[in-house]
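Report on the following structure.
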2 protein chains.
Amino acid sequence: MVSGYAPCMTPNAPAADEPALTHIRALPSWLLNRASARGRRLVAEALARDGMRMSHHAVLSAVADLGPVAQAELGRTTGFDPKDMVGILNDLQAQELVTRAPDPADRRKNAINLTPAGRRRLARLAKLGDEANEALLAALSPAERELFLALLTRVVEDDD
Amino acid sequence: MVSGYAPCMTPNAPAADEPALTHIRALPSWLLNRASARGRRLVAEALARDGMRMSHHAVLSAVADLGPVAQAELGRTTGFDPKDMVGILNDLQAQELVTRAPDPADRRKNAINLTPAGRRRLARLAKLGDEANEALLAALSPAERELFLALLTRVVEDDD
DNA sequence: GAAAGTCATTGGTGACTCCAACGTTGGTGA
DNA sequence: TCACCAACGTTGGAGTCACCAATGACTTTC
């Protein structure tokens, strides 16, 4: 891609004498890292009030959507390593939020199912997560949030 | 903050029957995590071609800006833990990109300085970092990038 | 001159990501 | 039928990253 000549405020055309730190801290990757860290912190703190972590919320959501589902399928959907999925499901099963029974149709698989307690818990977690995300974007107006999310989505989907 | 009623596309007003996974994956925190991970990967891969990591680039930039500077000050500026700063500077010093000499004015401190080789290396790293960031936002037009960065900056600065 | 604070350094923890291996089970082709 | 390969859940472990505690040396403050 030809860069053309960028407007004077874009970080891709730094002034020759611009401090290196100023340059770095204006990079999208740097800002995304900070924003992501803040989001993780806010969400993690919110979910921690319920004794849960983000991975628990994600997997519980996947189980809710995919009904009886094997662990490998959960891993493919949520992006967690099979090894980590074992631990996450151990936690969820210990709190009786999911059931883990051998699949009679394919004895290699475990059929993971949501319990009623799991469904109630998931509703709580979703609420906590939404509130944290509201705080994360508190600096933006509703219209700006929508625009920001649209742009962010395009950046993310460019990864596929 | 009163939520008012949001436009139908905002994730803060999920449809009652919306799949939990769809909801989670549309959360700002989720998208920011993915975008941040992609940025980290792109930048890390670019810098790895020069045998460096992001922390090396950041600290090297800070040294370039702050002239002779103590490690604690570098840590405060870049946000790295003092413990990690030791390792980062060990790496930079081993490649003779910085000098680390006791500060005669305050013998508790180390005076960190950039070497000529460090300055040349920093220029290379900045170029690699910029290219990776260009790839990161390749899906957006220049105007959209500017807008995205402005919004992202406000989200980040809301953290202070 | 004593107390408190700062400095660089070491050691350690917890969360997250990823890879390799293993025994078990299912499907496929010889 | 019987190899063979693939997928499954599980275990063990490596590496990164952010963070916290403690320590000895040194400086500042009162």
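Throughout, protein chains are lettered first and strands after them, A, B, ... in sequence-line order, and every chain is numbered starting at 1.
Within the 4.0 Å cut-off from OP1 or OP2 of dT10(D), at least one side-chain nitrogen or oxygen of Q71(A) is found. Taking only side-chain nitrogens and oxygens, R76(B) comes nearer than 4.0 Å to OP1 or OP2 of dC7(C). Close to dT16(D), at under 4.0 Å from its OP1 or OP2, lies no side-chain N or O of R41(B). Note on N33(B): every side-chain N or O is 4.0 Å or more away from OP1 and OP2 of dC16(C). Residue R108(B) places no side-chain N or O under 4.0 Å from the OP1 or OP2 atom of dT6(C). Residue R100(B) places at least one side-chain N or O under 4.0 Å from the OP1 or OP2 atom of dT9(C).
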Report task. Could you give me the CA-CA distance, side-chain angles and deciding distance for L47(A) and H56(A), then say whether side-chain contact (heavy atoms from CB on, under 4.5 Å) is met? Result -> CA-CA 9 Å; L47(A) 298 186; H56(A) 296 127; over 6 Å; no
Query raised in the report: Checking side-chain contact (heavy atoms from CB on, under 4.5 Å) for the pair N33(B)/M54(A): CA distance, chi angles, key distance, verdict?
Result: CA-CA 11 Å; N33(B) 260 320; M54(A) 263 188 309; 4.2 Å; yes
Report task. Report the C-alpha distance between E157(B) and R154(B) in whole Å, list the side-chain angles of each, state the deciding distance to 0.1 Å, and finish with yes or no for salt bridge (charged side-chain N to carboxylate O under 4.0 Å, His left out). Result -> CA-CA 5 Å; E157(B) 284 175 350; R154(B) 282 172 56 197; over 6 Å; no
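Counting only heavy atoms from C-beta on, N110(B) has its side chain closest to dT9(C) among dT9(C), dT27(D), dA18(D). Of the listed nucleotides (dC20(D), dT9(C), dC26(D)), dC26(D) has the atom at the smallest distance from the side chain of D106(B). Closest to the side chain of D84(B), from the set dC19(D), dC26(D), dA8(C), is dC19(D). When distances run from any side-chain atom of R53(B) to the nucleotides dG26(C), dA18(D), dC17(D), the shortest one goes to dC17(D).
With salt bridges taken as basic N to acidic carboxylate O contacts below 4.0 Å, none links D103(A) and R108(A). Electrostatic pairing of E45(A) and R49(A) does not count as a salt bridge here, judged by no charged N lying under 4.0 Å from a carboxylate O.
One atom, CZ of R40(A), and another, P of dA18(D), lie 11 Å apart when rounded to the nearest Å. Atom CD in E73(B) sits about 15 Å away from atom C1' in dA8(C), given to the nearest Å. In this structure, NZ of K109(B) is placed 11 Å from C1' of dC26(D), rounded to the nearest angstrom. Rounded to an integer number of Å, the gap from CG of L74(B) to P of dC7(C) is 12 Å. The nearest whole Å value for the distance from the CE atom in M85(A) to the P atom in dT10(D) is 11 Å. Taking atom CH2 of residue W30(B) and atom P of nucleotide dC16(C), one finds them 12 Å apart after rounding to whole Å. The separation between D103(A) atom CG and dG26(C) atom C1' is 12 Å, rounded to whole Å. The interatomic distance linking R34(B) (CZ) with dT17(C) (P) rounds to 13 Å, in whole Å.
Pairing for dG24(D) goes to dC7(C), judged as Watson-Crick or G-U wobble with the two contacts each under 3.5 Å.
Across all strands shown, A37(A) has no heavy atoms under 4.0 Å from either base or sugar-phosphate atoms. Within 4.0 Å of A44(A), counting heavy atoms only, lies no atom of the nucleic acid at all.
A donor-acceptor pair shorter than 3.5 Å cannot be found between the side chains of N113(B) and R100(B).
Put simply, the side chain of D81(B) and the base of dC17(D) share no donor and acceptor less than 3.5 Å apart. In terms of polar N and O atoms assigned as donor or acceptor, the side chain of K83(B) comes within less than 3.5 Å of the base of dG11(C) in a complementary pairing.
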